[in-house]
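Please read these numbers as outputs of a predicted model, since none were measured by experiment. Indexing begins at 1, ligand by ligand and atom by atom, following the structure's order.
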Amino acid sequence: MPNRKYIVGNWKMNGLQSELSDISGIAAIAAANPSVDAAICPPLTLIASASSQNPAFAVGAQDCHYNEKGAHTGCVSAAMIKEAGASLSILGHSERRADQHETDAEVKTKAEAVHAAGLGAIICVGETEEERDAGKAVDVVCGQLEGSFPAGADANWLTIAYEPVWAIGTGRVPEASDVEEMHAAIRSALGRLMGDGADAVRILYGGSMNGGNAAELLAVPNVDGGLVGGASLTAAKFGPIIEAAAAA
Ligand code: PGA
């Protein structure tokens, strides 16, 4: 079992230079809780400033292209986000799977590109409410995991985030028993995909995690951390989640 919790903030399309002080505040709380791995993934425009102002703190991207360079207007490569100061990237977030029509195959190649550049990858999977109501949640999530699973996967650089789409930004959180069932299913799927190394891969829960529910969610078996959106935007909200992970 992974023994260090991993708490990652996903700022999505939020944050201007004037909000960089929040990242510094979060970095200070992370430094005070060295038993936890913490990171913030701000918009691309803040990566360079956030990482240069907080050199000991992990800053990540929210996406990157699978090619090294070329004619892909508006996209950035793994080498580019790395040069800006990122040490990881979120990949295949459900908002990108929905809004940018990202496929499992693209997420897989993006993860391989990120790894080739020496960065960490967090691959997101999660079912819609309709899929859960139809009893298909585990099949959908394990299918996404298999389809998005990169070559050369290793716990040193790969993390999985289970994020039920209906729990993102809604304030709704699944029952602990449902989170436990899904994380166990993901752990088993990882075992089929990569053998013994599966036990060390961290599986994060994401979707309306906050300072009030983090301790309960982080106590669920196979929940090795959290991917946090809204509650990662300020040090006041994100700090208690890092502290809950330190106490877990
Ligand atoms: P949320 O977002 O914490 O605002 O629900 C989580 C995510 O989408 O990563």
Side-chain angles (χ1 to χ4, degrees), residues 5-15 19 22-23 26 29-30 36-44 46-47 50 58-64 86 88-102 107 110-111 114 120-129 131-132 137 140-141 144-145 148 158-176 178-179 182-183 186 202-218 220 223-245 248:
K5 300 276 192 216
Y6 192 17
I7 304 293
V8 181
N10 172 12
W11 274 25
K12 309 190 179 184
M13 199 171 73
N14 298 289
E19 269 110 13
D22 278 301
I23 298 187
I26 288 165
I29 295 167
V36 176
D37 291 328
I40 287 286
C41 299
L44 270 178
L46 293 186
I47 290 175
V59 175
Q62 301 169 13
D63 176 50
C64 82
L88 70 139
S89 183
I90 297 168
L91 298 170
H93 190 281
S94 60
E95 287 153 15
R96 293 198 58 85
R97 289 177 185 264
D99 299 348
Q100 277 77 34
H101 313 294
E102 276 188 18
V107 176
K110 286 178 179 210
V114 155
I122 300 174
I123 294 182
C124 304
V125 291
E127 83 285 357
T128 62
E129 184 158 34
E131 289 162 342
R132 175 156 288 273
V140 165
V141 166
Q144 285 177 341
L145 181 64
S148 311
L158 180 67
T159 299
I160 306 300
Y162 166 57
E163 299 203 303
V165 175
W166 50 273
I168 294 176
T170 59
R172 294 170 58 201
V173 173
E175 299 292 330
D178 290 333
V179 175
M182 187 63 80
H183 280 238
I186 292 172
R202 288 185 287 197
I203 307 172
L204 314 185
Y205 167 79
S208 298
M209 184 182 270
N210 58 44
N213 61 25
E216 189 191 351
L217 286 162
L218 292 167
V220 173
V223 174
D224 306 309
L227 182 54
V228 184
S232 72
L233 292 172
T234 64
K237 287 184 178 170
F238 199 49
I241 302 177
I242 296 173
E243 284 156 4

Donor-acceptor pairs under 3.5 angstrom involving side-chain atoms of residues 228-239: please list them, not counting sequence neighbours.
from, atom 1, to, atom 2, distance (Å)
S232, OG, V228, O, 3.2
S232, OG, G229, O, 2.7
T234, OG1, K237, N, 3.2

Partner set under side chain to side chain contact (heavy atoms under 4.5 Å, CB included) for P240, not counting sequence neighbours: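 P240: no side chain to side chain contact (heavy atoms under 4.5 Å, CB included) contacts found.
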By side chain to side chain contact (heavy atoms under 4.5 Å, CB included), which residues pair with A61, not counting sequence neighbours?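 Testing A61 for side chain to side chain contact (heavy atoms under 4.5 Å, CB included), a comparison that skips the adjacent residues, returns I47, I81, S89.
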Within the 4.0 Å heavy-atom sphere of ligand 1, strictly under, residues: N10, K12, H93, E163, A167, I168, G169, G207, S208, L227, V228, G229, G230
I241 pairs by side chain to side chain contact (heavy atoms under 4.5 Å, CB included) with which of I7, I29, N213, I26?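 Among the candidates, only I7 passes.
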Angle class for the Y205/H183 ring planes (parallel below 30°, perpendicular above 60°, tilted otherwise)?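 Answer is tilted, since the angle falls between 30° and 60°.
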Determine yes or no for a side-chain-to-main-chain donor-acceptor pair under 3.5 angstrom, with T159 supplying the side chain and R202 the backbone. no
